[in-house]
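Here the structure comes first, spelled out in structure tokens, and everything after it is commentary.
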Amino acid sequence: MINNLNTDGQNSNILNKNAKYDRQLRLWGNHGQTKLENSRICLINASTAGTEALKSMVLPGVGYFSIIDDNTITKEDVSKNFFLPFESVGQNRAKVASENLCELNQDVIGDYLVENIDRILENKPEYLKSFNLVIATNLKENTYKHLAEYLWNENIPLISIRSFGLIGFLRIITQEHHVVEAHPDNQLPILRLDQPFEELKTFCNSVDLNDMSEAEYSHIPYLIILYKYLELWKSQNDGKIPKNYKEKEAFKHFIKSGVLRNEEAGKFEENFEEAIKNVNSIIVPSQIPVEIKQLFNDEKCLKTDENSDKFWIIVRAIKEFTENEGMGHLPLKGTIPDMVSDSDKYVAIQNVYKSKAQHDVDSVLSRVERILLNINKPFDYINEQEVKLYCKNAYHLKNIRYKSVSQEYDPQTSNLGSLIEENSDSDLIFYILMRAVDLFQLENNRFPGTNIELLHSDGILLKKYLYKLMQENRINITIKEEFIHEICRYGNCEIHSISAYLGGCAAHEAIKLLTNQFIPINNTLIYNGIKQSSTVFEI
């Protein structure tokens with residue numbers, strides 16, 4: 001084992017880590033970094049794609065990794081793998097790669113096992129249970145299916161990488177994955193002005209726009225302005241808020257009309273301009289997103305028991321809160337956008353939202369504790385910080401269910417035929433070709449094109465396996481001869497640039513899975529190095 005843990009003082013370590021990992025901490029926070037540092041990763045085969053994937057996990061500080069590989073380094077290996085120097089030819093690939101990867105980050109522990117994965121699966125598969133995630137590269141079909149089935153049953157995520165000439169594949173295999181922090185682009189603030197909570201009503205009603213100086217008036221937060229005008233609008237429109245374009249334009253003119261404007265104001269204030277600008281994004285009906293309703297109606301949410309994980313227990317608690325104390329609303333996030341305002345008023349309204357959000361967290365936590373009691377789990381199984389994180393992201397929680405490899409390979413359950421019909425001109429053609437390559441290897445104990453003298457005959461034989469596969473999966477398309485020839489021409493070679501790209505993608509997906517942040521692919525990414533394009537398919 002290669003242990004490079006720093007032994008400096010604890011406070012110094014914290015400061016060093018904050019500086020060292022500053023950029024990524026801005027992405028996934030200290031809690032995400034903690035999850036990463038507590039993770040144990042297994043890499044099967046120290047191929048170019050595999051070491052590139054580990055590199056992009058060692059640098060951000062994954063806690064522990066181990067490489068399983070019984071191959072000896074060849075000249076071909078060192079010509080395409082940055083982590084295998086020329087002087088290492090003849091040595092074990094796992095050992096050399098592990099040592100060189102550890103040099104990238106002293107906080108990471110690296111290990112290796114000189115063993116064949118087939119023998120591990122046959123004699124000691126429980127070795128894999130100690131890992132949070134397994135990354136496997138360039139496995140033969142039988143090994144891949146055996147490994148995927150074992151890890152699926154043990155509920156350990158597997159990322160499979162295949163680098164074959166100018167074509168690459170990335171596949172995530174796990175029963176289900178929970179996304180707590182989706183980090184959606186252009187997320188709109190949820191301020192509930194259409195159905196204000198009591199604390200917000202009390203605060204906004206305490207502000208008298210007609211009893212303040214011009215300076216005070218020009219620094220009223222636009223939230224209060226929108227609240228005041230929206231209440232007036234609702235009183236004149238049967239309690240309804242402006243919903244469509246026409247109504248929102250009328251509402252903007254209503255604000256411009258200055259019904260509540262200070263008579264001493266000599267110009268149209270900036271905060272009023274800001275209020276008008278935000279009408280379209282702020283004045284929207286408060287509602288529960290469809291995906292969250294689906295989570296609430298999921299069987300795992302409705303029937304929690306001692307086998308339920310944290311995600312479903314907290315989702316169940318949020319569902320109960322929404323149906324009771326929340327009065328049809330999800331827990332409040334508790335943040336407000338920046339706006340023109342003086343500090344006192346901004347902090348005051350910010351505290352209103354923060355206080356309400358904390359009250360919602362306390363209510364959800366109380367329900368979590370009640371559920372834990374009912375299913376005989378200890379109270380400390382879920383803490384307040386976890387509940388707060390779920391409440392803060394309640395509008396974007398997500399559960400992704402994946403298909404198993406056995407479903408993918410069984411013609412009775414595979415959707416390959418229908419996918420091909422819908423995407424006949426897509427890179428799915430290369431997926432079918434790679435399946436045919438695996439059939440070729442299985443029956444001939446070698447890959448097509450590895451013997452240049454047999455290149456032409458290999459193409460004819462590969463076509464035979466391809467047609468067999470297409471017939472089994474009821475695929476009715478024509479695959480050009482040039483594609484078949486191109487696959488044979490690759491001869492199972494691994495090109496560094498293709499593998500480096502795949503390894504980087506795999507590391508990104510691995511970090512998503514480990515931190516429960518951002519949304520991972522579902523389930524297969526195909527990279528076409530010829531066109532330099534990536535496409536994701538749910539196969």
Side-chain angles (χ1 to χ4, degrees), residues 29 31 180-184 187-209 219-231 233-234 239 241 271 274-275 278-279 281-289 292-293 295-296 313-371 382-397:
H31 56 290
V180 180
E181 299 172 83
H183 300 280
Q187 184 177 356
L188 298 175
I190 298 168
L191 303 172
R192 298 235 301 258
L193 290 183
D194 64 319
Q195 298 179 44
F197 46 94
E198 287 303 318
E199 297 88 341
L200 181 60
K201 286 182 184 179
T202 301
F203 177 80
C204 290
N205 290 334
S206 69
V207 178
D208 186 356
L209 298 182
H219 287 87
I220 290 293
Y222 77 75
L223 282 185
I224 298 175
I225 296 170
L226 287 177
Y227 171 85
K228 295 280 189 181
Y229 277 90
L230 189 60
E231 291 301 303
W233 173 278
K234 286 161 67 176
I241 68 169
N271 52 346
E274 197 173 39
N278 284 279
V279 165
S281 59
I282 301 298
I283 308 302
V284 293
S286 295
Q287 55 190 6
I288 300 174
I292 304 302
K293 289 180 180 178
L295 286 180
F296 286 170
I313 293 171
I314 299 176
V315 168
R316 171 66 181 268
I318 292 174
K319 170 183 165 66
E320 292 180 358
F321 164 85
T322 303
E323 294 171 346
N324 294 279
E325 305 99 308
M327 296 184 291
H329 295 284
L330 293 171
L332 195 66
K333 185 175 182 179
T335 58
I336 61 174
D338 292 334
M339 60 191 76
V340 174
S341 172
D342 60 48
S343 298
D344 291 342
K345 290 187 180 66
Y346 183 84
V347 170
I349 195 168
Q350 185 180 53
N351 286 336
V352 170
Y353 277 88
K354 280 185 177 180
S355 176
K356 170 60 175 169
Q358 184 58 49
H359 184 268
D360 289 353
V361 169
D362 293 340
S363 298
V364 174
L365 180 61
S366 176
R367 291 190 172 276
V368 166
E369 291 173 347
R370 197 174 307 138
I371 294 170
I382 296 173
N383 60 47
E384 182 180 352
Q385 288 304 313
E386 290 173 302
V387 173
K388 184 176 289 188
L389 189 64
Y390 275 72
C391 289
K392 183 179 178 181
N393 295 279
Y395 281 83
H396 302 286
L397 298 174

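None of these values were measured; they are calculated from a predicted model. Quick note: residue numbers are just sequence positions, from 1.
- Using modelled atom types, one side-chain atom of Ser206 and one backbone atom of Phe203 make a donor-acceptor pair closer than 3.5 Å.
- Between the CG atom in Leu223 and the CD atom in Gln350 there is a gap of 11.0 Å [rounded to 0.5 Å].
- Across all non-hydrogen atoms, the minimal contact from Ala275 to Ile225 is CB-CG2, 4.0 Å.
- Environment of NE2 in His359: sparse, with no more than 12 heavy atoms of neighbouring residues, nucleotides or ligands closer than 6.0 Å.
- Residues Met339 and Glu274 meet the side-chain proximity criterion, which asks for heavy atoms closer than 4.5 Å.
- Atom CG of Leu191 is separated from atom OG1 of Thr335 by 8.0 Å, given to the nearest 0.5 angstrom.
- Within the 4.5 Å cutoff, no side-chain heavy atoms of Val364 are placed close to those of Tyr390.
- The backbone N or O of Tyr395 sits nowhere less than 3.5 Å from a side-chain atom of Lys333 that would complete a donor-acceptor pair.
- Note that the CG atom of Asp342 and the CG atom of Asn271 stand 10.0 Å from one another [nearest 0.5 Å].
- Lys354 places a side-chain heavy atom less than 4.5 Å from the side chain of Asn351.
- Taking each heavy atom of Val284 and Ile241 in turn, the nearest pair found is C-CD1, 3.9 Å.
- To the nearest 0.5 Å, the span separating CD on Glu198 from CG on Asn205 amounts to 9.5 Å.
- Using a 4.5 Å heavy-atom threshold, the side chains of Ile318 and Ile292 count as separate.
- Put simply, the side chain of Ser363 does not reach to within 4.5 Å of the side chain of Asn324, judged on heavy atoms.
- Here the closest heavy-atom approach between residue Cys204 and residue Tyr227 is recorded as CB-CD2, 3.2 Å.
- Nearest heavy atoms, Asp360 versus Pro331: OD2-CA, 3.6 Å.
- Contact check for Thr322 versus Phe296: side-chain heavy atoms found under the 4.5 Å cut-off.
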Q.
One pair to check against side chain to side chain donor-acceptor pair (under 3.5 Å): His396 and Gln187. What are the steps and the verdict?
A. CA-CA 10 Å; His396 302 286; Gln187 184 177 356; 3.3 Å; yes
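- Taking the charged nitrogens against the carboxylate oxygens, Arg370 and Glu320 have no contact shorter than 4.0 Å, which rules out a salt bridge.
- Here the side chain of Lys234 pairs a donor or acceptor atom with the backbone of Asp194 at under 3.5 angstrom.
- Atom CZ of Phe197 sits about 10.0 Å away from atom NE2 of His329, to the nearest 0.5 Å.
- Contact between Ile371 and Ala317 at its shortest, heavy atoms only, is CD1-N, 3.8 Å.
- Inter-residue side-chain proximity for His31 and Gln385 is flagged as unmet; no heavy-atom pair is nearer than 4.5 Å.
- Of the possible polar contacts, none joining the Ser366 side chain to the Asp362 backbone as a donor-acceptor pair under 3.5 Å is found.
- Side chain of Glu386 to main chain of Asn383: a donor-acceptor pair is present (N/O by atom type, distance under 3.5 Å, no hydrogens or angles).
- Between Asn393 and Leu389, the closest heavy-atom pair is ND2-O, 2.8 Å.
- The CD1 atom of Ile283 sits 4.5 Å away from atom CG of Leu226, with the distance rounded to the nearest 0.5 Å.
- Looking at heavy atoms from C-beta onward, Leu200 lies out of side-chain contact with Lys356 at the 4.5 angstrom threshold.
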